[in-house]
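Everything on this sheet refers to the single structure shown next.
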Amino acid sequence: DIRSLGCEEKRELLATIEQAVAFVTTMIFQDGSSQLSSEQVLTSSVKGVVVLVKNQTDHPCPPSYSSIDYTWNAANENDKLIYLKTEWSSLWEQEQQAHKKFAWQVLFQMLHCKVPIICFNAKDFLRTLLQVYGNEISWKQVADSVVLDPRIAAWLINPSDTVPSFESLIQKYFEKPFSMGTVNTDTGTLRNASVSTLKLFFLIYLYQYQNLRVNLEKLYNVMRYLARDLQVQGLWKLFCTLELPLIKILAVMETHKIHVNTQELKKTSDILGLRLKELEQEAYQVAGGQFLLTSSSQLREVLFEKLKLHVLCEKVHRTEIQQLVSTSEVVLNKLQDLHPLPKIILEYRQVHKMKSTYVDGLQTCIRKGFISSTWNQTGTVTGRLSAKQPNIQGISKHPVRITKKQYIKGKEAEIVTISPRTLFVSKKGYSFLAADFSHIELRILADLSSEPELLKLFQEPETTDIFSTVASQWKGIPSEEVKHADREQAKRIVYSVVYGAGKERLADSLGITPLQASQFIESFMQKYKKVHEFTKKTIEQCRNKGYVVSIMGRKRPLVNINAQDYKLRTQAERQAVNFVVQGSAADLCKMAMVEIFTSVVISPTLTARLIAQIHDELLFEVEDSQILEFSALVKRTMESLQQTTALEVPLKV
DNA sequence: ACGTGGACGCTACG
DNA sequence: CGTAGCGTCC
């Protein structure tokens, strides 16, 4: 505990840190739990930080990906365990101020000496430091720290297992050696002993403290094991140059708050609520009775048992599990001419989604007028990021038009357009800047397949509209005769190939039969033969190795690729193709994030901050005076990834 | 009567 | 293909 240290001892501690080969660390919460406890309470605030200082002199080697021979030391007789309190009740007391300052000094030195900091959920650790010392430091100061997160390592080795806790990580990688769970729980026996309350608390404190030391040792050993495994599997470079730098970027992103126009939010909620009431009444009228519009089972009853609309319609889509007639958008679209109800339901659903998810749902995420999403780096199997509370990646793009019946005298009707993205407002003197890769997945498909027709499409600068050109090429009609419907169809087919979608899903999205859909896919593959070769090669490779690989070497094992069951096997085949394209796109987008972050950190003037990543799009908040300079930097950096990754196809931003 | 958790359906995003 | 999140129903 640094509070018990004298002046000389503090100097010694800083010297020890200077010589450290690694730090193993965890946050401690008010309730006594840590980042290593499975029952992590999110509501409990942070009390302090415990650091195990690995202090060997033999092999001081940073985790540079070039040093494959990276050796770790497991011996621990020289290791120091330090406790840094980060929460202070009364800041005006001089003694406490001194402690806070010294704690910060220790952490600052840890972050800047380029010695690896090992932490389970490192992003939360960094974000907390940024929040606690927000007044003392700028976000740029976490940039040169080297953090290692074993959870991310485990996810990289197999993205299918999420590793929900530290305990599960230990169980997975050291199945028997340690007996987890038994160490942690038994404080009841202490309570029965006839000791004073003070002594009891001291014993519990000491007990947890020792337990923590053991767990931090385990964490270090797991990381050691995982590092070796990453190197063996060829994932070390990806880990060090992409995923680890990303931890800091996400931590910084989570500390940034986006302002929301709460008045407008309230107003639109009311408008949408009124419109829902109107639609509800209209639906009851044409249905000839009341029912719950949000219930698909009740709607199914009305549409198909009461009105018997499906008999007039051939081949309607069924639900996945129960194989009932679906009430989804595609089915409702087909039923539109038979009855007025489907159209009303479609509008109701659109408005309801808007209200519940993007307006009322957003409101629950707002704290003091601001929102900031939580980013999950290990939440997907494809290498993408995911976001929650709010899911900023899923916020509706297209506006919804509402014809508002004016209840105030005067105007009779008013058309209001509601687009949720406009509810976010930038800081004063700043603007939002969005930069997105144009058709990134299709470009990657072109590169991976080396399909000449597809490559030509992107290499020739006269191509203005990719999907119109594909439609004209594929159907063999002049580009002037390509209609909107042709373009839309071409787009859907292209992406069903890119995403590896099957005939069923394409059929649904186009409103055609699976047979017609498979014919479309076949004729597409006939035209672009190399694309077909690519999918065949990918599946074949997956069958042999048991996994597929993205352009940056990201892996996805697919155990079902050799399954007997047709459904399981073909699903794995589509997942294999999809992973290579989607995963490679994720690689590129993450690389762009890292490079832009580095440029901004190096620059003494640039202040632009990343706000969100919507897969192929990066959203920044930029000082108005820096927009031109920064947007040029972003565009240049993103497009130059073609050379960095040696792509055949140019990238366009 | 009320809350909770899981299965299921639907639909935004890419 | 694969995320989050809203909703009902049991």
Side-chain angles (χ1 to χ4, degrees), chain A residues 159-160 162 276 291-301 317-333 345-346 348-365 373-400 419-421 436-442 444-445 491-492 495-506 508-509 535 538 548 556 558 570-586 588-589 612-619:
Chain A
S160 300
T162 313
L276 286 178
F291 66 103
L292 194 52
L293 294 204
T294 45
S295 163
S296 47
S297 75
Q298 289 187 30
L299 176 63
R300 184 152 39 234
E301 204 177 308
H317 183 237
R318 289 182 176 270
T319 57
E320 186 60 42
I321 314 290
Q322 297 198 18
Q323 293 295 314
L324 301 169
V325 181
S326 170
T327 65
S328 66
E329 194 181 330
V330 270
V331 176
L332 262 40
N333 272 325
I345 298 293
L346 283 170
Y348 186 90
R349 287 217 180 125
Q350 192 185 31
V351 176
H352 187 264
K353 172 96 183 176
M354 184 69 79
K355 179 167 156 62
S356 64
T357 307
Y358 305 122
V359 180
D360 298 349
L362 197 68
Q363 252 164 342
T364 66
C365 300
S373 295
T374 305
W375 295 88
N376 191 351
Q377 201 174 342
T378 58
T380 68
V381 289
T382 54
R384 280 182 171 186
L385 297 173
S386 72
K388 65 179 183 185
Q389 280 176 340
N391 176 12
I392 204 164
Q393 295 179 317
I395 287 169
S396 176
K397 212 177 172 180
H398 301 293
V400 157
S419 45
R421 292 188 180 197
D436 64 296
F437 284 113
S438 156
H439 307 115
I440 181 98
E441 282 101 343
L442 193 52
I444 284 167
L445 183 70
K491 189 174 166 179
R492 292 266 166 91
Y495 279 109
S496 73
V497 173
V498 169
Y499 290 145
K503 56 180 189 287
E504 286 86 4
R505 184 125 183 194
L506 177 61
D508 285 350
S509 88
T535 59
T538 303
V548 270
R556 177 170 186 191
L558 286 163
T570 51
Q571 185 189 33
E573 288 172 354
R574 295 191 296 272
Q575 286 169 330
V577 174
N578 173 257
F579 174 84
V580 180
V581 182
Q582 200 185 106
S584 299
L588 284 179
C589 296
Q613 185 246 45
I614 304 108
H615 305 121
D616 61 351
E617 173 186 338
L618 300 178
L619 183 66

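Please read all numbers here as calculations on a predicted model, not as lab measurements. Just so it is clear: chains get the letters A, B, ... in the order the sequence lines come, proteins before strands, and each one is counted from 1.
Nearest to the side chain of Lys397(A), among dC9(C), dG14(B), dG5(C), sits dG14(B). Across dG2(C), dT8(C), dC13(B), the shortest atom-to-atom separation from the side chain of His398(A) is found for dC13(B). Comparing atom distances between the Glu441(A) side chain and each of dG14(B), dC6(C), dC1(C) picks out dG14(B) as nearest. When distances are taken from the side chain of Ser295(A) to each of dT3(C), dG2(C), dT8(C), the shortest belongs to dT8(C).
Between His615(A) atom NE2 and dG2(C) atom C1' the separation is 9 Å, expressed in whole Å. Rounded to an integer number of Å, the gap from Leu385(A) CG to dA4(C) P is 11 Å. The distance from atom CZ of Phe437(A) to atom P of dG14(B) is 15 Å, rounded to the nearest whole Å. For the pair Gln350(A) CD and dC13(B) P, the interatomic distance rounds to 10 Å; values are reported in whole Å. Between the CG atom of Asn376(A) and the P atom of dA4(C) there is a distance of 7 Å, given to the nearest Å. Whole-Å rounding puts the Phe579(A) CZ to dC1(C) C1' distance at 12 Å. The NE2 atom of His352(A) sits 16 Å away from the P atom of dG5(C) (whole-angstrom rounding). Taking atom NZ of residue Lys388(A) and atom C1' of nucleotide dA12(B), one finds them 19 Å apart after rounding to whole Å.
The closest side-chain heavy-atom distance from Asn578(A) to Arg574(A) is not below 4.5 Å. Lys353(A) places none of its side-chain heavy atoms less than 4.5 Å from the side chain of Val400(A).
At the phosphate of dC9(C), OP1 or OP2 sits under 4.0 Å from a side-chain N or O atom of Gln298(A). Applying the 4.0 Å criterion to OP1 and OP2 of dT8(C), one finds that Thr294(A) has a side-chain N or O inside that range. Here Ser356(A) does not reach the OP1 or OP2 of dG5(C): none of its side-chain N or O atoms lies under 4.0 Å away. Within the 4.0 Å cut-off from OP1 or OP2 of dG2(C), not a single side-chain nitrogen or oxygen of Thr380(A) is found.
Side chain Gln582(A) to base dC1(C): a donor-acceptor pair is found below 3.5 Å.
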Query raised in the report: What string of B, S and - do you get for nucleotides 2-11 of chain B, 5' to 3', when a contact is any protein heavy atom under 4.0 Å?
Result: ------SSSB

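Thr162(A) meets the side chain to side chain donor-acceptor pair (under 3.5 Å) test with no other residue; sequence neighbours excluded.
The residue Glu617(A) sits apart from the nucleic acid: no heavy atom pair falls under 4.0 Å. If you check every strand for non-hydrogen atoms under 4.0 Å, Val381(A) touches sugar and phosphate atoms only. Among the heavy atoms of the strands, none lies under 4.0 Å from Ala585(A).
Between the CG atom of Leu445(A) and the CD1 atom of Ile440(A) there is a distance of 12.0 Å, given to the nearest 0.5 Å. Residue Gln298(A) holds its CD atom at 5.0 Å from CG of Leu292(A), rounded to the nearest 0.5 Å. Distance check, rounded to the nearest 0.5 Å: OG1 of Thr294(A) to CZ of Arg349(A) gives 9.5 Å.
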Query raised in the report: Would Asp360(A) and Gln363(A) count as a side-chain contact (heavy atoms from CB on, under 4.5 Å) if you check the C-alpha gap in whole Å, the side-chain angles of each, and the deciding distance to 0.1 Å?
Result: CA-CA 5 Å; Asp360(A) 298 349; Gln363(A) 252 164 342; 3.7 Å; yes

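Closest non-hydrogen pair, Ser386(A) versus Gly379(A), comes out as OG-CA, 4.4 Å.
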